[in-house]
Amino acid sequence: MIAYTDKIRDIARRLLKDCRVETVIGFRNGSMPMMNEPCFIKNVDDVDHLIWDGNCGINLANYLTNRTDKIAVVAKGCDSRNIVTHIIENKIKREQLVIIGVPCKGMLDKRRIKAMAPGEVTRVVEDGESVRVCGAGFEKTYPRKDMLQANCAVCIHRNPVIYDELVADPVPEQQNVDRYEDVRAIEAMSAEEKWTYFENLLAPCIRCYACRNACPLCYCPTCFVDESTPQWVGKSQNPVDVRTFHFLRAYHCAGRCTDCGSCERACPMGINMRVFTKKLEKEAFEQWGWEAGLSLDQRPPLDTYRPDDPQDFMK
Amino acid sequence: MSQWEPKIVAFLCNWCSYGAADLAGVSRMEYPPNIRVIRIPCTGRMSPKFVLGALREGADGVWVSG
Amino acid sequence: MGVEPGRVHFSWISSAESTKFVDVVKKVTEAVRAVGPNQKFVKKELKVA
């Protein structure tokens, strides 16, 4: 990880010095352990703020929407796929970007680490294949692969799909991963069971919209939840309103979501709203063989017509 | 209420199903009176929020037809 | 997602197919009648004592 950090800093320093870019978007240490925050570096002197470790789960493609300046952006596998989606959707031009690709080994699940630690976590150190969690009066070591975010554990695109610079050699992709085990479990439920399952899943939601704000796909100028004429969704904690919000947000991500896990990571209540987007991701894969953000030359299935489009749901 | 009757919101495309509904009307065909037609300029105008909106407002069914 | 299948329908009818239209209306009505009244997704007003 230190090697990654050094390489990112070197590249950022060079790009800024040569005036290839005006801004470098990357991560710096947050004020709490495991809470790295995105940062915008505009000055060569600030380059040493940049870091890289297993807590860089936020998707940086989110900060590229409608930018007009030249930007270098640090991108792991899922970020790069979202950058591709951004380019396809005309939210940024490829020429504006210098993509610093980071072969990713998966991000750490901060909730799981916090839950397993016997006290308050003050420091998390990654050491190759293990994670050392330190706090007042304890120090524990766990295997890194057991501490990954749920979406990283089933990720099959760890290496960036587009990049201009690569900070390390590509990592081997995971093979034989069952990506949709959880979705299939829900699909097998009856309508009644699904209703209850989602009722419980969404019960803690406080409608802070952190998931929407963290999501690189959610760039509508006015989100439907903020529209007032007509008002589609009430502002209250009414369960039907909460459900409408999550369903509709998921639908907007259909065929675009890369399962980067930003939404779940950003959620203060720890809700796994990824089950919605993942279901639609599965659907896009099964119906059209589509995985979002893998190529710049292919239009997404929902904005193209193919004579062999499946349409068994129609009468 | 003697017997419950379903209330169905039908989103019909102006050029397709709305025309068919019109033709059914002028041909004096009979069909169940449970549908409430909303004419949309094209099925492309359809949005998932209409479906959810209709259900939230108490519709028992939604039918989208191009 | 917990909304019963049979509550939401999609179809494709040309403007000349009035008979198909009548058919589909009947089918849709029957299907919705079969799943019964929509009680779950309706937004109910909060009861104020």
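Heavy-atom basis, side chains included; hydrogens, waters and symmetry copies ignored. Residue numbering restarts at 1 for every chain, and letters A, B, ... go by the order of the sequence lines.
Heavy-atom neighbours of A:Phe285 CZ from other residues, nucleotides or ligands within 6.0 Å: at or below the threshold of 12. The environment of A:Glu192 atom CD is sparse: at most 12 non-hydrogen atoms of other residues, nucleotides or ligands sit within 6.0 angstrom. A 6.0 Å sphere centred on NZ of B:Lys7 holds no more than 12 heavy atoms belonging to other residues, nucleotides or ligands. Enclosure of atom CZ in B:Arg45 is not indicated, since only 12 or fewer non-hydrogen atoms of other residues, nucleotides or ligands lie within 6.0 angstrom.
Between B:Leu52 atom CG and A:Tyr251 atom OH the span is 7.5 Å, to the nearest 0.5 Å.
Considering every non-hydrogen atom in both A:Val233 and B:Arg56, the closest pair reads CA-NH2, 4.0 Å.
Only the side chain of A:Glu227 comes within contact range of chain B, with at least one heavy atom under 4.5 Å from a heavy atom of that chain.
Among B:Gly53, B:Pro48, B:Gly66, the residue making the largest number of heavy-atom pairs under 4.5 Å with chain A is B:Pro48.
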